[in-house]
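Beneath this line is the structure, given in structure tokens, with notes to follow.
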Protein chains: 2
Amino acid sequence: MTDSVDFAKAMADENRQRVMRLLCCRWLCVNDIVAEMSNVSQPTVSHHLGILREAGLVHARREGKQVFYSLNQDEVAVCCGRLMRNFAPELAPTVAEA
Amino acid sequence: MTDSVDFAKAMADENRQRVMRLLCCRWLCVNDIVAEMSNVSQPTVSHHLGILREAGLVHARREGKQVFYSLNQDEVAVCCGRLMRNFAPELAPTVAEA
DNA sequence: CTTACATATTGACGTGTGTCAATATATGTT
DNA sequence: AACATATATTGACACACGTCAATATGTAAG
């Protein structure tokens with residue numbers, strides 16, 4: 001339903017997808033992300049992380065002064081599956097894994 | 001790459017997803033779509049159809065005075081597959097169908 | 001060729017969104 | 001407590017985007 005819209009909106013930004021690729025399969029703290037992003041300030045990165053966190057697309061874990069983020073691949077997979085079922089039902093697997 | 005961003009942007013609107021659901025598995029002309037959409041004017045529907053067409057997410061076919069649209073499920077599937085490979089690689093099938 | 005109908009385009013308007021500088025909050029250190 | 005570092009929040013700004021009324025374009029019929 002509207003969940004698919006929220007997912008699409010969360011993904012609908014180049015910098016957000018850059019952050020997601022950085023967080024794929026590893027944990028990074030905000031400063032590391034900022035260091036790897038060119039031409040994007042720390043507040044902007046923090047803002048994008050907030051949106052991704054709100055959408056459940058990243059995990060967050062505090063460790064001392066720093067906060068580490070990592071991509072939530074499960075949620076991405078669930079949302080992609082929902083998109084497939086909604087908008088490519090004739091191509092999506094009929095039965096989902098339980 | 002940036003294609004995933006374009007796909008997400010095209011999907012990032014509730015009315016656009018409503019239109020896509022209407023066009024799932026059938027052809028509708030613009031007036032039919034307008035009739036089934038509440039509180040959305042004909043120019044607005046036309047505008048959304050243009051964005052979906054630009055993104056390759058719908059097929060369009062002229063038939064006399066009317067233009068019929070239908071959802072392009074293949075493109076949706078391709079884009080979802082790309083999202084999966086980019087952002088859920090540990091959950092996506094390793095080998096894609098040729 | 002004029003008329004009628006279907007769709008697309010234009011122009012204007014309000015709202016949403018990405019961005020940054022400045023500042024606040026949180027945590028650890030001395 | 002004072003300070004330093006890491007992250008989040010605020011406020012302001014420009015620009016993108018969704019929306020509609022009005023108009024233009026395309027297509028067929030009389």
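Residue numbers begin at 1 in each chain, while the letters A, B, ... track the order of the sequences.
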- Message: Show the nearest heavy-atom pair for residues A:R62 and A:K65, with the distance to one decimal.
- Response: NH2-O, 3.4 Å

- Would you check if the side chain of B:R26 reaches a backbone N or O of B:L22 as a donor-acceptor pair within less than 3.5 Å? yes

- Task: Let me see the working for B:W27 and B:H59 under side chain to side chain contact (heavy atoms under 4.5 Å, CB included), right down to the final yes or no.
- Result: CA-CA 9 Å; B:W27 292 82; B:H59 298 292; 3.6 Å; yes

- Item | Sugar-phosphate only, base, or nothing, as touched by B:H47 at under 4.0 Å among non-hydrogen atoms | base

- Give, for atom SG of A:C80 and atom CZ of A:R85, the distance between the pair rounded to the nearest 0.5 Å. 11.0 Å

- Would you find a donor on one side and an acceptor on the other, under 3.5 Å apart, between the side chain of A:Q73 and the backbone of B:E90? yes

- Task: Rounded to the nearest 0.5 Å, what's the gap from CG on B:D32 to CG on B:L23? Could you check?
- Result: 10.0 Å

- Task: Quickly work out the A:L52 CG to C:dG18 P distance and round it to whole Å.
- Result: 10 Å

- Query: What's the CD-P distance between A:E14 and C:dT17, to the nearest Å?
  - Reply: 18 Å

Please tabulate, for the side chains in residues 33-40 of chain B, all donor-acceptor contacts under 3.5 angstrom to protein atoms that are two or more places apart in sequence or on a different chain.
unit_1, atom_1, unit_2, atom_2, d
B:S38, OG, B:R18, NH2, 3.4

- Message: Regarding B:Y69, tell me which of base, sugar-phosphate or nothing describes its non-hydrogen contacts under 4.0 Å with the strands shown.
- Response: sugar-phosphate

- Which whole-number value in Å describes the distance from A:E54 CD to C:dT17 C1'? 15 Å

- side-chain hydrogen bond (donor to acceptor under 3.5 Å, both in side chains) filter on B:E54, not counting sequence neighbours, yields none

- Per-nucleotide protein contact string for nucleotides 25-30 of chain C (B base, S sugar-phosphate only, - none; heavy atom under 4.0 Å): -SBS--

- Message: Looking at C:dT7, I'd like to know if its phosphate oxygens (OP1 or OP2) sit under 4.0 Å from a side-chain N or O belonging to B:S46.
- Response: no

- Note on the structure: In this structure, SG of B:C79 is separated from CG of B:D3 (nearest 0.5 Å) by 7.0 Å

- Item | Length of the CD-P vector between A:Q17 and C:dG18, whole Å | 12 Å

- Message: Check this one for me: any side-chain N or O of B:N31 less than 4.0 Å away from OP1 or OP2 of C:dC5?
- Response: no

- Item | 5'-most by nearest nucleotide on DNA chain C - B:F68 or A:D13 | B:F68

- Message: Donor-acceptor pair, distance only, cut-off 3.5 Å: does the side chain of B:Q17 make one with the backbone of B:M11?
- Response: yes

- Query: Between which nucleotides of DNA chain D, read 5' to 3', does contact with chain A run, using atoms under 4.0 Å from its heavy atoms?
  - Reply: D:dT5 to D:dT9

- Task: Could you identify which residues of residues 33-43 of chain B place a heavy atom less than 4.0 Å from some atom of DNA chain D, listed by residue number, or say none?
- Result: B:N39, B:V40, B:S41, B:P43

Could you list the donor-acceptor pairs under 3.5 angstrom formed between side-chain atoms of residues 42-50 of chain A and any protein atom two or more places apart in sequence or on another chain?
unit_1, atom_1, unit_2, atom_2, d
A:T44, OG1, A:S41, OG, 3.1
A:H48, ND1, A:R16, NH1, 3.3

